Protein chains: 2
Amino acid sequence: MPQLRKDPVVGRWVIISRSRARRPGNFVDTSDREVEDTDRECLYCQIQKKHPQSGESSGDVRVVSSEVYGNHQDKKLHRSKHGLYDVIDGFGAHEIIIETTEHLTNMADLDMDQIRLVFETYASRMRELEKNEQFQYVLAYKDYGPTAGGARGAHTCSHVVATPVRPLRVKEKLIGAKNYYEKHKRCVYCDLIRQEIQSGERIIYETQHFVALTPFAARLLFEMWILPKEHHCDFPDGIKGKEDDLALMMKVLLTKLQQGLEDPAYNFVIQTAPFARRGPDAEKWQTIEQDYHWHIELMPRLTRVAGFEKGTGFYICSIPPENMAEYLREIEIDDTITA
Amino acid sequence: MPQLRKDPVVGRWVIISRSRARRPGNFVDTSDREVEDTDRECLYCQIQKKHPQSGESSGDVRVVSSEVYGNHQDKKLHRSKHGLYDVIDGFGAHEIIIETTEHLTNMADLDMDQIRLVFETYASRMRELEKNEQFQYVLAYKDYGPTAGGARGAHTCSHVVATPVRPLRVKEKLIGAKNYYEKHKRCVYCDLIRQEIQSGERIIYETQHFVALTPFAARLLFEMWILPKEHHCDFPDGIKGKEDDLALMMKVLLTKLQQGLEDPAYNFVIQTAPFARRGPDAEKWQTIEQDYHWHIELMPRLTRVAGFEKGTGFYICSIPPENMAEYLREIEIDDTITA
């Protein structure tokens with residue numbers, strides 16, 4: 001069973017997986033040197049064919065448990081201390097969302113109905129995982145392309161992972177949003193959206209319910225944030241009635257990336273509020289509800305993170321976000337794909 | 001001039017560089033597709049030949065100011081606010097340390113005297129940059145190989161960067177170390193070293209003054225920390241009299257990486273205390289001196305960081321650190337290289 005370990009200085013949690021082979025030679029990454037093996041059949045195509053009824057599915061979207069981390073939802077998490085160090089045995093749940101029956105590799109190539117179905121699947125799995133009282137957070141995310149941690153030429157899929165602790169990056173945002181709210185009695189993201197729409201210089205695309213922009217302090221080239229215009233802290237509840245609009249937004253942005261920036265690798269992550277409606281944090285829920293604002297971060301992987309970023313947490317961005325937004329706005333995509 | 005921008009939620013600073021070409025097409029990373037151009041002469045070989053007297057130099061080590069970020073040490077930093085957003089115009093200093101006159105690419109191939117000279121150069125540049133009252137922190141680091149942000153086949157060099165703000169990652173460590181000290185009246189790193197040497201299972205190599213280990217909650221495959229056994233918060237003062245010993249440690253670890261793990265890309269970063277002996281933080285210096293412990297993080301880049309890590313700040317490590325340490329201990333290197 002995998003183990004969670006906490007860094008004793010900064011409080012960062014790490015998952016130590018013991019389920020893979022232990023010989024280090026197996027872990028040297030040679031993906032850049034490999035020629036794509038087009039004869040080997042895609043694992044997810046095989047799953048769809050051999051087990052058409054297995055797993056939870058919604059239309060053409062299939063949900064399967066990851067074999068790497070397993071699904072330890074039924075086990076009781078065991079917390080222990082080894083001198084300085086905190087450990088949790090067990091991990092949580094890792095589910096793979098196979099986005100379509102067809103062997104397509106980029107979510108940009110799915111039609112809007114299918115993209116809507118994928119986002120609805122994230123929402124329903126999040127709601128389901130929230131029922132397990134051992135979990136404190138759930139993340140839905142996608143890795144496309146080897147540079148972004150995805151497999152080369154892989155069937156388009158995404159991930160839903162539930163964790164028994166609240167991750168550091170999530171805590172940072174919650175604390176920042178809370179401090180802002182306490183000072184101004186307003187949501188920092190609502191203020192940010194208002195200021196950005198007014199200036200317009202970093203806006204990439206707008207739909208009825210969502211706005212996409214390059215953040216003022218972008219970490220990465222062509223980093224994009226997708227924010228719901230209406231305040232809501234929670235993704236599954238927040239998208240209700242707005243599913244088609246979100247699918248349109250994602251289709252437009254992913255197509256712009258694919259067509260305007262030479263089909264780059266990318267990650268996206270859904271940043272929703274932690275599970276806090278019940279348990280020890282129940283009394284905090286009202287606070288989180290008012291100061292946090294769910295959103296999606298879409299991160300193309302055009303450059304590599306180097307020692308400077310690793311050492312400082314500072315990022316270097318070599319194009320001003322205003323120029324990135326202008327470039328992304330100007331990429332013309334075929335109207336029929338969103339018709 | 002470059003600009004610093006602060007994320008309004010988490011407080012992370014980003015450097016927005018306006019000095020490079022603005023067309024986004026220029027920034028698509030094609031380094032993996034490029035064949036190495038062996039006919040093109042190395043930039044640093046050219047600098048050494050054409051300007052043998054320019055720049056600050058120490059023996060065969062040469063220090064040059066980066067043309068990308070420039071050297072704006074003499075300019076007054078200008079701070080401003082744009083609605084929600086904080087901005088600093090100007091950036092600091094970025095110096096490139098050309099480690100040898102010979103065209104070698106990996107620091108592992110330098111002899112120990114030369115490695116000692118490089119680390120002494122970091123120390124002297126840090127002390128010099130500290131004199132500028134506008135700077136709050138200085139980072140010395142290295143990027144080797146394209147996956148780690150280094151140029152393919154580049155002359156071995158490293159970087160010293162001074163920043164006018166205290167970076168988030170540094171703050172996290174200072175806060176963690178301070179909290180531990182307040183609770184236990186002991187340095188967290190000193191306790192960690194004691195516990196690790198006692199158990200021995202994560203120790204890679206030990207010299208008279210330093211210990212190298214895989215951290216209990218390692219983020220990356222074969223991540224290594226090099227810690228001075230004697231408590232000291234500051235790198236330039238802390239290495240005094242231990243320069244040869246540190247050079248031996250670095251030579252051994254870098255050679256083990258090169259020979260035992262197929263010459264992987266790597267970064268290392270020196271994590272020293274911020275400049276706090278003077279200015280508004282002067283009264284805090286005594287606290288930092290007692291609770292912080294300088295160290296080096298050495299990070300091979302064997303796997304890629306994916307959406308899960310980006311979204312949570314959680315890392316997944318697929319080999320237990322005890323097994324990594326065992327593997328690294330067992331890599332035999334030629335005794336003559338450290339003779």
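This one's a predicted model, so the numbers in the text were calculated from it and none came from an experiment. Chain identifiers are assigned alphabetically (A, B, ...) following the order of the sequence lines, protein sequences preceding nucleic acid strands; residue numbering begins at 1 within each chain. Side chains are part of it too, since the values below use all heavy atoms of this structure and drop only hydrogens, waters and symmetry mates.
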Please identify, among [options], the residue contributing the most non-hydrogen atom pairs under 4.5 Å to chain A.
options                                : result
B:Ser158, B:Ala217, B:Gly176, B:Gly149 : B:Ala217
B:Val269, B:Asn179, B:Leu174           : B:Val269
B:Gly260, B:Pro321, B:Pro264           : B:Pro321

Closest heavy-atom pair and its distance - [X], [Y]:
X        : Y        : result
B:Glu322 : A:Arg5   : OE2-NH1, 2.9 Å
B:Leu84  : A:Val188 : CD1-O, 4.1 Å
A:Leu192 : B:Pro8   : CD1-CG, 4.0 Å

#### Entry: Expected output: side-chain B:Gln195 to main-chain A:His82 donor-acceptor under 3.5 Å
yes

So for [X], is it side chain, backbone, both, or neither that comes closer than 4.5 Å to the heavy atoms of chain B?
X        : result
A:Ala265 : neither
A:Leu220 : side chain
A:Lys173 : both
A:Tyr180 : side chain
A:Glu196 : side chain
A:Tyr266 : neither
A:Asp291 : neither

Just so I understand: if I count every heavy-atom pair under 4.5 Å between each of [options] and chain B, which residue has the most?
options                                : result
A:Leu139, A:Asp7, A:Ile175             : A:Leu139
A:Leu168, A:Val165, A:Val170, A:Val87  : A:Leu168
A:Phe268, A:Tyr189, A:Tyr137           : A:Tyr189
A:Ala140, A:Ala218, A:Pro300, A:Pro215 : A:Ala218

### Query
Does NZ belonging to A:Lys183 count more than 12 external heavy atoms closer than 6.0 Å?
no

#### Entry: Stepwise salt bridge (Lys or Arg N to Asp or Glu O under 4.0 Å) check, A:Lys171 with B:Glu172
CA-CA 13 Å; A:Lys171 270 189 200 163; B:Glu172 276 176 7; over 6 Å; no

